[in-house]
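Note that these values count all heavy atoms, side chains included, but never hydrogens, waters or copies made by symmetry.
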Amino acid sequence: QVQLVESGGGLVQPGGSLRLSCAASGSIFSIYPMGWYRQAPGKQRELVATVTRGGSTTYPDSVKGRFTISRDNAKNMVYLQMNNLKPEDTAIYYCNVWPAPLNNYWGQGTQVTVSS
């Protein structure tokens with residue numbers, strides 16, 4: 001069964017860093033593009049990073065230069081290195097396939113809180 005498990009979140013001060021990990025159970029995740037998504041309170045879920053099987057990445061302007069997505073296809077792992085975190089980065093972070101996420105298989109996400 002497909003399973004997505006996010007980890008690595010926590011409370012960090014502005015300017016700090018976190019590294020998020022996503023363990024994906026299915027071999028499909030070693031083939032298809034993956035994305036990190038986040039959802040802040042009262043906001044829609046938004047895409048914050050994508051990575052293809054070959055390692056090509058995209059980012060929205062809001063995180064460009066601060067976030068880095070990567071993947072280990074052999075381990076079915078996807079990572080998100082977040083540097084210079086800002087309070088507006090506070091959200092629950094999720095991983096899923098991109099551009100068509102598997103709606104029935106969203107994980108629990110991992111909470112990132114950026115606050116002094």
Side-chain angles (χ1 to χ4, degrees):
Q1 189 69 272
V2 175
Q3 187 175 14
L4 298 164
V5 180
E6 301 92 346
S7 62
L11 175 63
V12 64
Q13 294 183 344
S17 298
L18 286 171
R19 181 177 172 86
L20 307 184
S21 298
C22 169
S25 65
S27 62
I28 186 175
F29 300 106
S30 70
I31 299 172
Y32 292 96
M34 295 288 292
W36 279 97
Y37 305 77
R38 68 185 181 189
Q39 188 163 22
K43 303 292 185 180
Q44 289 189 329
R45 185 185 300 117
E46 65 175 336
L47 183 70
V48 297
T50 70
V51 60
T52 68
R53 187 217 176 276
S56 297
T57 60
T58 69
Y59 308 90
D61 289 342
S62 58
V63 308
K64 193 173 299 181
R66 301 187 298 117
F67 289 12
T68 303
I69 187 173
S70 61
R71 67 191 297 164
D72 186 332
N73 292 329
K75 297 180 179 179
N76 289 335
M77 295 287 293
V78 188
Y79 307 97
L80 186 68
Q81 178 67 45
M82 305 186 296
N83 298 324
N84 192 24
L85 284 161
K86 303 176 179 180
E88 51 263 44
D89 296 319
T90 296
I92 303 175
Y93 284 72
Y94 305 87
C95 63
N96 212 322
V97 294
W98 177 87
L102 301 173
N103 288 333
N104 292 329
Y105 297 98
W106 290 99
Q108 80 283 359
T110 185
Q111 176 72 51
V112 172
T113 302
V114 185
S115 176
S116 299

Problem - Hydrophobic cluster membership, Y59 vs M34, 4.5 Å side-chain cutoff - result: yes
Handout entry: Nearest-0.5 Å distance, SG of residue C95 to CZ of residue R71
Key = 10.5 Å
Exercise for the section: Report whether V78 and Y105 are members of the same hydrophobic cluster (ILVMFWY, side-chain heavy atoms less than 4.5 Å apart, transitive linking). Expected result: yes
Problem - Spacing of L18 atom CG and L80 atom CG [to the nearest 0.5 Å] - result: 9.5 Å
Practice task
Establish whether V97 and I92 are linked, either directly or via other cluster members, by ILVMFWY side-chain heavy-atom contacts under 4.5 Å.
Solution key: no
Completion exercise
Rounded to the nearest 0.5 angstrom, the CG-OG1 distance for D89 and T113 is 11.0 Å
Problem - Heavy-atom donor-acceptor pair, Q39 side chain to A91 backbone, under 3.5 Å - result: no
Handout entry: Hydrophobic cluster identity match, V63 and V51, side-chain contacts under 4.5 Å
Key = yes
Exercise for the section: Could you walk me through whether Q108 and V5 pass the side-chain contact (heavy atoms from CB on, under 4.5 Å) test, one step at a time? Expected result: CA-CA 7 Å; Q108 80 283 359; V5 180; 4.1 Å; yes
Exercise for the section: Look at atom CZ of R53 and say whether more than 12 heavy atoms of other residues, nucleotides or ligands are closer to it than 6.0 Å. Expected result: no
Practice task
Look up atom CG in L20 and atom CD in Q81, then write down how far apart they are to the nearest 0.5 Å.
Solution key: 8.5 Å
Problem - Distance-minimising heavy-atom pair for R38 and S62 - result: NH2-OG, 3.9 Å
Handout entry: Y37 and W106 aromatic ring geometry - parallel, tilted or perpendicular at 30°/60° bounds
Key = perpendicular
Practice task
May I have the step-by-step check of side-chain contact (heavy atoms from CB on, under 4.5 Å) for M82 and V112, ending in yes or no?
Solution key: CA-CA 10 Å; M82 305 186 296; V112 172; 3.7 Å; yes
Practice task
Output the distance between atom OG (S21) and atom OH (Y93), rounded to the nearest 0.5 Å.
Solution key: 14.5 Å
Problem - Sub-4.5 Å side-chain heavy-atom contact between L4 and C22 - result: yes
Exercise for the section: Nearest 0.5 Å please: distance from the CG atom of L85 over to the OG atom of S115. Expected result: 12.0 Å
Exercise for the section: Provide the closest heavy-atom pair for Q111 versus T90 in the form atom of the first, atom of the second, distance. Expected result: NE2-CG2, 4.0 Å
Handout entry: ILVMFWY network linking W36 to M77, side-chain heavy atoms under 4.5 angstrom
Key = no
Exercise for the section: For the residue pair T50 and T58, confirm or rule out a side-chain donor-acceptor distance under 3.5 Å. Expected result: yes
